There are 2 protein chains.
Amino acid sequence: MQKYRSTLDRFDMKLLQLVQVSNRTPQHVLAEEVGLSAPAIARRLQKLREQGVIQKDMAIIDAAAVGRPLTIIVQVTVEDESFALLDEIKERFRRCEQILHCHYVTGGTDFVLIVNVRDMEEYTQFTRTQFFELGNVKSFQTYVSMECIKANEGIPLDLE
Amino acid sequence: MQKYRSTLDRFDMKLLQLVQVSNRTPQHVLAEEVGLSAPAIARRLQKLREQGVIQKDMAIIDAAAVGRPLTIIVQVTVEDESFALLDEIKERFRRCEQILHCHYVTGGTDFVLIVNVRDMEEYTQFTRTQFFELGNVKSFQTYVSMECIKANEGIPLDLE
DNA sequence: CAATCAAATGCAAGATTCTTGCATCGAGAC
DNA sequence: GTCTCGATGCAAGAATCTTGCATTTGATTG
């Protein structure tokens with residue numbers, strides 16, 4: 001196991017800024033923009049991936065193009081906030097493929113979900129399963145997205 | 001300009017399923033899993049990108065690792081829903097780098113935002129600018145994420 | 001301030017991956 | 001049946017990525 005530089009320098013930050021916009025840019029192009037050689041870029045990227053700074057490399061797919069055009073934001077309030085039951089519902093949400101994002105939050109409700117479905121029928125079925133049948137949901141509020149203003153933006157990285 | 005197969009067949013679906021998990025998998029590996037040759041995979045990927053089915057290819061970065069650990073979900077209600085002012089505020093949100101996701105929604109509020117900030121001070125400043133100074137915001141409600149259960153999951157693609 | 005050591009760098013060669021030309025295949029039109 | 005057009009696989013060529021090695025850089029120590 002190799003030992004790592006623990007802090008990210010300005011080269012790393014610039015690199016992250018570039019790859020979170022497009023991770024298929026050739027290394028020699030990144031190299032030129034960052035101001036290092038291509039092998040240096042390769043080694044830094046490898047470390048950033050090993051360290052988990054880069055968590056994954058994914059293609060972003062147009063949900064409508066694959067027949068799943070509906071995005072729905074849901075606020076969920078649970079009935080029982082005991083650790084065991086909270087862990088249970090977190091695990092349930094984690095496993096549910098239709099939930100694309102899920103946060104456990106403060107502020108009058110317990111969870112916020114971003115859900116992707118084919119149509120309202122699938123959403124109805126989703127709520128039935130996740131909120132009624134599987135239990136521990138006191139109430140939920142549904143917000144249907146009429147328009148996606150933006151999605152999957154990268155973290156803003158000011159070159160510190 | 002080339003003419004395209006307009007529908008996605010099961011090869012495309014399988015391919016999308018794979019690249020939305022990891023878009024750096026070598027084409028010969030994808031080829032084997034999908035059941036086509038490597039050049040066929042390459043040509044399909046190119047078309048999917050040109051068609052916009054694959055919208056972008058990005059590295060997902062650990063927000064905490066780059067010093068921006070706070071995720072905040074905000075519900076925004078506007079004062080004036082006239083087209084012009086609505087377009088204005090959409091454009092404002094689109095341009096704001098701290099807003100990672102933004103949906104215009106039905107259901108008792110107008111927008112849902114997912115915001116990334118370094119700390120509460122930055123969030124306070126964000127609300128001041130976006131919600132008070134720039135106008136047309138009647139009210140907003142803040143939900144601070146205590147725990148990210150999941151994020152940036154791919155669209156569920158059942159091989160139809 | 002020089003000496004030392006570990007980590008990072010650039011270069012160049014080698015390995016892998018991607019792209020392209022071409023002949024062939026297959027489904028639909030006529 | 002035959003024609004046409006798009007898609008395919010193979011193989012060669014092009015581009016990209018990785019690795020070994022000598023050198024440089026930077027922090028630490030004496």
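Numbered from 1 within each chain, the chains take letters A, B, ... in sequence-line order. Keep in mind that this is a model prediction, so the values were computed, not measured.
In the displayed structure, A:E133 atom CD is contacted under 6.0 Å by more than 12 heavy atoms of other residues, nucleotides or ligands.
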Show me the donor-acceptor pairs, under 3.5 Å and distance only, between side chains in residues 31-43 of chain A and residues at least two apart or in other chains.
residue, atom, partner, partner atom, Å
A:S37, OG, A:A40, N, 3.4

Review item, side-chain donor-acceptor pairs of residues 55-69 of chain A, under 3.5 Å, at least two apart:
residue, atom, partner, partner atom, Å
A:K56, NZ, B:N152, O, 3.2
A:D57, OD1, A:R49, NE, 2.9
A:D57, OD2, A:N23, ND2, 2.9
A:D57, OD2, A:R49, NH2, 2.9
A:D62, OD1, A:A64, N, 3.0
A:R68, NE, B:P156, O, 3.3
A:R68, NH1, A:N116, O, 3.0
A:R68, NH1, A:N116, OD1, 2.7
A:R68, NH2, A:E122, OE1, 2.9
A:R68, NH2, A:E122, OE2, 2.6

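B:L70 is linked by a side chain to side chain contact (heavy atoms under 4.5 Å, CB included) to B:V117, B:M120, B:V144, counting only residues two or more places apart in sequence or in another chain. Judged as a salt bridge (Lys or Arg N to Asp or Glu O under 4.0 Å), and not counting sequence neighbours, B:E97 has no contacts.
Atoms CG (A:L15) and P (D:dC17) sit 12 Å apart, rounded to a whole Å. A straight line from CD1 of A:I41 to P of C:dT9 spans 8 Å, rounded to a whole angstrom. Taking atom CG of residue A:D57 and atom P of nucleotide C:dT17, one finds them 16 Å apart after rounding to whole Å. If you measure from atom CD of B:E32 to atom C1' of D:dG9, you get 15 Å, rounded to the nearest angstrom. Distance CG (A:L48) to P (C:dA8): 11 Å, rounded to an integer number of Å. Atoms CG (A:L45) and P (D:dC17) sit 9 Å apart, rounded to a whole Å. Across the protein-nucleic acid pair, A:F11 atom CZ and C:dA7 atom C1' stand 14 Å apart, rounded to whole Å. Atom CG of A:L36 and atom P of D:dT24 are 17 Å apart (whole Å).
Checking C:dC18, C:dA8, D:dT16 against every side-chain atom of A:R44, the shortest atom distance belongs to C:dA8.
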Check nucleotides 18-22 of chain D against the protein and report each pair of N or O atoms closer than 3.5 Å, with its distance, or say if there are none.
residue, atom, partner, partner atom, Å
D:dT18, OP2, A:Q27, NE2, 3.4

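The salt bridge (charged side-chain N to carboxylate O under 4.0 Å, His left out) contacts involving residues 81-91 of chain B comprise A:E147-B:K90, B:E88-B:R92, B:E91-B:R94, B:E91-B:R95, where partners must be two or more places apart or lie in separate chains.
By the 4.5 Å side-chain criterion applied to Ile, Leu, Val, Met, Phe, Trp and Tyr, A:V29 is assigned to no cluster and stands alone. Cluster partners of B:L85 are absent, since no Ile, Leu, Val, Met, Phe, Trp or Tyr has side-chain heavy atoms less than 4.5 Å from it.
Of the side-chain N and O atoms in B:K47, none sit less than 4.0 angstrom from OP1 or OP2 of D:dG6. Contact annotation: B:H28 does not reach the phosphate of C:dT16 (side-chain N/O to OP1 or OP2, under 4.0 Å).
The hydrophobic cluster containing B:I149 also contains A:V74, counting ILVMFWY residues as joined when their side-chain heavy atoms lie under 4.5 angstrom apart, directly or transitively.
Helix-axis bend for the helix from C:dC1-D:dG30 to C:dC30-D:dG1: the local axis fitted to the five terminal pairs at one end deviates from that at the other end by 30°, rounded to 10°.
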